[in-house]
Amino acid sequence: MANDLIVPEVLLVDKLEEMDNSLSVTIWKQMRLDAEAREDEEGGHLPSVQNKRRKMFFADFVNKAISIPMEITPAISDEAYRQFYRLYLFSCQQAIHYPEVKRNPFILGFHALSEIKTALVGIMVTYRLVTPSAPYSWSREFFENNIFVDKGPKGQAIIKFFKVPSDAINAAMNEEVVTDWMIYKAFDNNGIRTLMDIKNNLVTIPDYKRGGPIAAEFSRFQRKMAEERSKKEMRKSEALDLEFRKTLVQSVAEKTAEKLLASGLSANDILDKAFKADISQLTAISENEIKAIEKSSDDKKDKMGRACHKRLSKKQDTAEVDGVIAGFLEDNS
């Protein structure tokens, strides 16, 4: 049979990579190399008949995990279902690393279900910690008691959530968090340290404490990363606000300087006012000066208008003055 010759873990990795390329190429390659090396090593220590039966069991388990649909309650979105599927295949791949499974392949399904439940608890606690509106009672113990995983009669995975609405499950099971869990749990990685380096660009989070149950360690890290993102957004917003204020002040200063120059003050006088006097006094003074500037400007316009009018009607103005003087002389005579 063709299934007797496959390497089950490699088949799982191929299926995971086929769905998306969220992990780096290096991790995918390393997963395959580890699986092939382990298969060669373990196969050499087992009798041929036992090794053949082992391969057949793993092949059957992997084929069922890949091909038989999962049953999830309550009903969830298609995208959330895809993330559940990714997580389940990854959990099966991780369960193969258990020493107990190496000794007894028939408990592979039990450890695969244990892996996915641990992952779901960590992801749901993460949702609780990064979502302010989530109920405070949704602790790690709450999810451990309200997430049920089992194997169906056809070999399908059955997952049930009690007391957890579907919209919370849809929001929690997003691609970024599921990918983070896969990086965190990938075999031969450094766990939370690797995830921190990838997520935070090799920058350590000073106040983050490693250790504890993996679901708790993972969710605490996600909370710290959410806090760091919020701080960066706040600093960015404050920087933009400060830049706007600087631009506004510069614009007002330029306009004020123009008006002061127009009032007859020299550049040195303006600088002296700006650096030796209180800014509020400078603006208060400038209000009076602005009125003077406007009046001076109007006077200049009137003066120019009168001069122009005088040049245009000089003869008419002279005749009017002569008529007034003549009438005054007649009255006196």
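Throughout, numbering of the chain's residues begins at 1 and tracks the sequence.
- One finds a salt bridge joining Glu227 and Lys224 here, because a Lys/Arg side-chain nitrogen approaches an Asp/Glu carboxylate oxygen to under 4.0 Å.
- A salt bridge links Glu79 to Arg82: one of the charged nitrogens lies within less than 4.0 Å of a carboxylate oxygen.
- Smallest separation of non-hydrogen atoms from Asp150 and Leu113: C-CD1, 3.7 Å.
- Minimum heavy-atom separation, Met173 to Leu87: CE-CD2, 4.1 Å.
- A pairwise comparison of heavy atoms in Leu261 and Ser266 identifies CD2-C, 4.3 Å as the closest pair.
- Asn174 places a side-chain N or O within 3.5 Å of a backbone atom of Glu176 that can act as its donor or acceptor partner.
- Cluster membership check: Met196 does not share its hydrophobic cluster with Val130, using side-chain heavy-atom separations under 4.5 Å among Ile, Leu, Val, Met, Phe, Trp and Tyr.
- Between the Asn146 side chain and the Phe142 main chain, a donor and an acceptor come within less than 3.5 Å of each other.
- A 4.5 Å side-chain heavy-atom check between Tyr85 and Ile66 finds at least one atom pair inside the cut-off.
- Between the Asn63 side chain and the Ala59 main chain, a donor and an acceptor come within less than 3.5 Å of each other.
- Rounding to the nearest 0.5 Å places CZ of Arg220 at 9.0 Å from NZ of Lys209.
- Ile169 approaches Pro74 most closely through the heavy-atom pair CD1-CD, 3.8 Å.
- Surrounding CZ of Phe110 are at most 12 heavy atoms belonging to other residues, nucleotides or ligands under 6.0 Å away.
- Scored by the side chain to side chain contact (heavy atoms under 4.5 Å, CB included) test, Thr131 finds Tyr127, Ser133, Ala134 as partners (sequence neighbours excluded).
- Between Glu18 and Lys15 there is a salt bridge, since at least one side-chain N of the basic residue sits less than 4.0 Å from a carboxylate O of the acidic one.
- Annotation: side chain of Leu11 is not in contact with side chain of Phe58 (no heavy-atom distance under 4.5 Å).
- Side-chain contact between Tyr98 and Ile107: absent, with no pair of heavy atoms (C-beta onward) separated by less than 4.5 Å.
- Between the side chain of Tyr88 and the backbone N or O of Ala112, no donor-acceptor pair lies under 3.5 Å.
- Taking the six-membered ring for Trp and thresholds of 30 and 60 degrees, Tyr184 and Trp181 have ring planes more than 60 degrees apart, a perpendicular arrangement.
- Within the 4.5 Å cutoff, the side chain of Leu195 has no heavy atoms near those of the Asp197 side chain.
- The shortest distance between side-chain heavy atoms of Ile123 and Gln222 does not fall below 4.5 Å.
- A distance of 5.5 Å separates CD in Glu228 from CD1 in Ile205, rounded to the nearest 0.5 Å.
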- Task: Output, in order, the C-alpha distance, side-chain angles, deciding distance and verdict of side-chain contact (heavy atoms from CB on, under 4.5 Å) for Phe221 and Asp180.
- Result: CA-CA 10 Å; Phe221 171 76; Asp180 288 350; 5.7 Å; no
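- Using a 4.5 Å cut-off on side-chain heavy atoms (C-beta onward), Lys232 and Arg229 make no contact.
- Look at Asp60 and Lys64 and you find a salt bridge, because one of the NZ, NE, NH1 or NH2 atoms lies within 4.0 Å of a carboxylate O, short of that distance.
- Under the side chain to side chain contact (heavy atoms under 4.5 Å, CB included) criterion, Asp241 pairs with Arg245, not counting sequence neighbours.
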Scan the side chains in residues 154-166 for donor-acceptor partners under 3.5 Å anywhere in the protein, sequence neighbours excluded, and list what turns up.
unit_1: Gln156; atom_1: OE1; unit_2: Lys154; atom_2: N; d: 3.1
unit_1: Gln156; atom_1: NE2; unit_2: Glu71; atom_2: OE2; d: 2.9

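- Summarising the geometry, atom CE belonging to Met70 is positioned 12.0 Å from atom CD1 belonging to Ile68; distances are rounded to the nearest 0.5 Å.
- The two residues Ala172 and Val177 make their nearest non-hydrogen contact at O-CB, 4.2 Å.
- Using modelled atom types, no side-chain atom of Arg140 and backbone atom of Val125 make a donor-acceptor pair closer than 3.5 Å.
- Ile72 CD1 to Tyr81 OH: the interatomic distance, rounded to the nearest 0.5 Å, is 6.0 Å.
- Counting heavy atoms from C-beta on, the side chains of Glu217 and Tyr208 come closer than 4.5 Å.
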- Query: Would Ile76 and Phe84 count as a side-chain contact (heavy atoms from CB on, under 4.5 Å) if you check the C-alpha gap in whole Å, the side-chain angles of each, and the deciding distance to 0.1 Å?
  - Reply: CA-CA 10 Å; Ile76 57 173; Phe84 270 99; 3.5 Å; yes
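- Separation of atoms CG (Leu242) and OG1 (Thr247) is listed at 9.0 Å; rounding is to 0.5 Å.
- Under the 4.5 Å side-chain criterion, counting only non-hydrogen atoms from C-beta, Arg128 is not in contact with Met124.
- Side chain of Lys117 to backbone of Glu144: a donor-acceptor contact under 3.5 angstrom is found.
- In plain terms, the two heavy atoms of Gly122 and Ser219 that are nearest each other are O-CB, 3.9 Å.
- Within a 6.0 Å radius of NZ in Lys255, other residues, nucleotides and ligands contribute 12 heavy atoms or fewer.
- Following chains of ILVMFWY side-chain contacts shorter than 4.5 Å, one cannot reach Met234 starting from Met225, and the two form parts of different hydrophobic clusters.
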- Message: Determine whether Ile214 and Lys185 satisfy the following criterion, side-chain contact (heavy atoms from CB on, under 4.5 Å), listing intermediate values before the conclusion.
- Response: CA-CA 9 Å; Ile214 58 177; Lys185 285 286 292 176; 3.9 Å; yes
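- One hydrophobic cluster, built from ILVMFWY side chains closer than 4.5 Å, holds both Phe106 and Ile96.
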